[in-house]
Amino acid sequence: LKARISNGATWSALRELLVIVPQDFSALRLSEVMYHPAPELAVEGISILNIVGDADLGRARIDLASLPPGDLGAGDYIRVYGGLPTNNGVFQIADVEGDRVFIKATLSDDSTMSAVADLLYDGDRYEFVEIENSGGTALQLGAVEFSKGISFAFAPDFTLAAGARAVIANRPWDFADRYPAVPVVGEFLLDLDNGGETLEIAQTDAIPHDVTALDANGVITFAALPPAASVGNRIRITGCERVTNNGSYRILAVGSNSVTVGKAFVPAPDGAYAQLFEVIDSLDYDDSAPWPRAADGLGYSLVRDGATWRASSVAGGSPGSGDTTPPLHPPLLVNEALTHTDLPQVDAVEIHNPTGAPVALGGWSLTDDLDEPAKFRFASGSIPAGAYAVFTEDDFGTVFRLGADGDSIHLLSPDLRYSHGFDFGAAENGVSFGRHLTSTGAEHFVRQAANTLGSANAGPRVGPVVISEILY
């Protein structure tokens, strides 16, 4: 509501009051999250004049033959290739000074002018979150905001129609470049965490409640308990002079005039006040299994599919509209890898086709770095039903080698939506790592009792010292 107060012939300044009308928000939900977008190619194939491997406190300097785009800067990326193999890779940019790019890594000195660079914008500028009103009644979202993860509050007069979706973006101007036909309702603050975090949408009570005490056990005391104080809801403390007390916390317990949260406060309110949030929906995502790897920097978003979440059907996601039926990929498996060898042995990777039909390999790829998912791409070939295929460094060794002291190996489908692989540590010479399923179905990659490249794994290597008894 907006109003002015008359005092004779004098009118007050415009006053605004947010009136919260009770609504059923059970149909309001998070529907799509692009938390780690793929980088965007800015410039391809710039010649590198010189590389100073350690130019400044652990930072390499790469001298380019031409100036990079003016908006390229810290946090963006440079891909180096074609020169010394030890310098090849994708590196985060620490600083740009004219035609000189500094990266957060050390390289080998190289003045041969044989290396080439691609410049890439950091994908975080294309982050977005979509919410959906899945019900049959329009919802007024003037008191709805994100209470955890990002920072965004809907405009007081914003209404989401029945069945409609709303998109908010990290940088709406960059989002519009990639999705020109998708309207955005606003800009959120704080980047989405590429490693995973909790997102919450909640209805605020829009009332600042005075806090009378805070203690080291996480108890927040009020003169009178706020109505929205319920277990599972969120409380935000602000205004406290002891700044470490300020923050957003989930309510764990409720007393007669207090709530308890998981925070050890400095025991002093010092002018603090609290705002209460009734959580409507939340998403606690991660960048490790069982969450889909395709959504972690490979170009796909997370989309809600009933009670679960999966990778979007197409790269880039589908902001503002429903996702389509996802494509099916044959579940090829990285089954065994020999990572530490001396001639005549060579490093090798075994791929298993567990399905009942042959699988064509054309377009599939192997990589030791998911930031470069298509390092080695298969041009042709197939794996028969139930069979095992072995590929050695004679096949992929020109683009990457497996590290004897630890590395990773991953297999990806042509569209990068399906992947399988594992990280591994240091290996004994001539001992392979292999896939092993426990009695509960958990997948592990462990040292093998024998190398069985081309056939079923032998099983975990045991001993010579084992734990034989535990009294717990």
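- One N or O on the side chain of Asn245 and one on the backbone of Val266 form a donor-acceptor pair closer than 3.5 Å.
- Ring to ring, Phe188 and Phe146 are not that close: their centroids are 6.0 angstrom or more apart.
- Ion pair Glu200/Arg250 flagged as a salt bridge, since at least one NZ, NE, NH1 or NH2 atom sits closer than 4.0 Å to an Asp/Glu carboxylate oxygen.
- Counting heavy atoms from C-beta on, the side chains of Leu370 and Asp296 never come closer than 4.5 Å.
- In terms of modelled atom types and a separation under 3.5 Å, the side chain of Asn133 and the main chain of Ala161 share a donor-acceptor contact.
- The backbone N or O of Leu333 lies less than 3.5 Å from no partner atom in the side chain of His352, so there is not a single donor-acceptor pair.
- Residues Gly149 and Leu199 come closest through the heavy atom pair CA-CD2, 3.9 Å.
- When side chains are defined from C-beta on, Ser134 counts as touching Arg29, because their heavy atoms get closer than 4.5 Å.
- The distance from atom OG of Ser151 to atom CG of Leu190, rounded to the nearest 0.5 Å, is 6.0 Å.
- Contact check on Asp368 versus Lys375 returns a salt bridge, with a Lys/Arg side-chain nitrogen under 4.0 Å from an Asp/Glu carboxylate oxygen.
- For Tyr300 (side chain) and Gly297 (main-chain N/O), no donor-acceptor pair under 3.5 Å exists by modelled atom type.
- With a 6.0 Å cutoff to the six-membered ring centre and a 45° limit on the axis angle, Arg234 does not count as a cation-pi contact of Phe277.
- Across Thr341 and Asn429, no two heavy atoms sit closer than the pair CA-OD1, 3.5 Å.
- Side-chain atoms of Asp54 and Thr106 form no donor-acceptor pair, as typed in the model, at a separation below 3.5 Å.
- For the residue pair Thr367 and Glu372, no side-chain donor N or O sits within less than 3.5 Å of a side-chain acceptor on the partner.
- Between Asp76 and Asp71, the shortest heavy-atom contact is OD2-O, 3.9 Å.
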Requested in this report: Could you walk me through whether Phe128 and Glu32 pass the side-chain contact (heavy atoms from CB on, under 4.5 Å) test, one step at a time?
Outcome: CA-CA 8 Å; Phe128 68 83; Glu32 185 172 4; 3.6 Å; yes

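- Within the 4.5 Å cutoff, side-chain heavy atoms of Phe102 are placed close to those of Glu97.
- Leu107 contributes atom CG, which lies 12.0 Å from atom CZ of Arg61 (distance to the nearest 0.5 angstrom).
- Between Arg310 and Val303, the closest side-chain pair of non-hydrogen atoms falls below 4.5 Å.
- By the neighbour-count criterion of 12 heavy atoms within 6.0 Å, atom CG of Leu328 is sparsely surrounded, having that number or fewer from other residues, nucleotides or ligands.
- Of all non-hydrogen atoms in Glu127 and Tyr35, the two that sit nearest each other are OE2-O, 3.3 Å.
- Interatomic distance, Ile51 CD1 to Thr112 OG1, rounded to the nearest 0.5 Å: 8.0 Å.
- Residues Leu64 and Ile48 have side chains in contact (heavy-atom distance under 4.5 Å, counting atoms from C-beta outward).
- With Ser419 contributing its side chain and His410 its backbone, the two residues share no donor-acceptor pair below 3.5 Å.
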Query - Candidate pair Phe400 and Leu366, rule side-chain contact (heavy atoms from CB on, under 4.5 Å), full reasoning - result: CA-CA 9 Å; Phe400 72 88; Leu366 281 173; 4.1 Å; yes

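- Contact annotation: the side chain of Ile409 never approaches that of Thr339 to less than 4.5 Å [non-hydrogen atoms, C-beta and beyond].
- A donor-acceptor pair is defined here as one N or O able to donate and one able to accept, closer than 3.5 Å; no such pair exists between the side chain of Asp371 and the backbone of Val90.
- Looking only at side-chain heavy atoms (C-beta outward), Leu139 and Val144 stay at 4.5 Å or farther from each other.
- Residues Pro373 and Leu412 share a closest heavy-atom pair of O-CD1, 3.3 Å.
- Atom-to-atom distance recorded for Arg178:CZ and Arg171:CZ is 12.0 Å, nearest 0.5 angstrom.
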**Report entry** Verdict with reasoning, His329 to Asp415, per side-chain contact (heavy atoms from CB on, under 4.5 Å)
**Finding:** CA-CA 10 Å; His329 297 95; Asp415 61 1; 3.0 Å; yes

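- In the model, Asn170 has a side-chain atom that pairs as donor or acceptor with a side-chain atom of Asp191 under 3.5 Å.
- Classified by interplanar angle (parallel below 30°, tilted 30° to 60°, perpendicular above 60°), the ring pair Phe154/Phe152 is perpendicular.
- Residue Ile93 holds its CD1 atom at 10.0 Å from CG of Asp122, rounded to the nearest 0.5 Å.
- Considering only residues two or more places apart in sequence or on other chains, Thr452 meets the side chain to side chain contact (heavy atoms under 4.5 Å, CB included) condition with Glu336, Ser455, Asn457, Ala458.
- Remark: side-chain polar atoms of Asn233 are paired, donor with acceptor, to backbone N or O of Val279 under 3.5 angstrom.
- Considering all non-hydrogen atoms of both residues, Ser313 and Asp323 come closest at OG-OD2, 2.8 Å.
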**Report entry** From CA spacing to verdict: ring-ring contact (aromatic ring centres under 6.0 Å, His included), Phe376, Phe391
**Finding:** CA-CA 11 Å; Phe376 172 75; Phe391 302 91; 7.4 Å; no

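- In this structure, Arg304 contributes its side chain and Leu30 its backbone to a donor-acceptor pair below 3.5 Å.
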Requested in this report: Could you check Ile131 against Leu28 for side-chain contact (heavy atoms from CB on, under 4.5 Å), going step by step and ending with a plain yes or no?
Outcome: CA-CA 7 Å; Ile131 64 168; Leu28 185 66; 3.9 Å; yes

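- In this structure, the side chain of Arg417 engages the main chain of Ser312 through a donor-acceptor pair within 3.5 Å.
- Between Asp118 and Tyr81, the side chains place a donor N or O and an acceptor N or O closer than 3.5 Å (distance only, hydrogens not considered).
- In this structure, the side chain of Gln448 engages the main chain of Gly459 through a donor-acceptor pair within 3.5 Å.
- The distance from atom OG of Ser26 to atom CG of Asp281, rounded to the nearest 0.5 Å, is 10.5 Å.
- Contact of the Arg236 side chain with the Thr204 side chain is not registered, since no non-hydrogen atoms from C-beta on lie closer than 4.5 Å.
- Side-chain contact annotation: Asp284 with Thr198, donor-acceptor N/O pair under 3.5 Å present.
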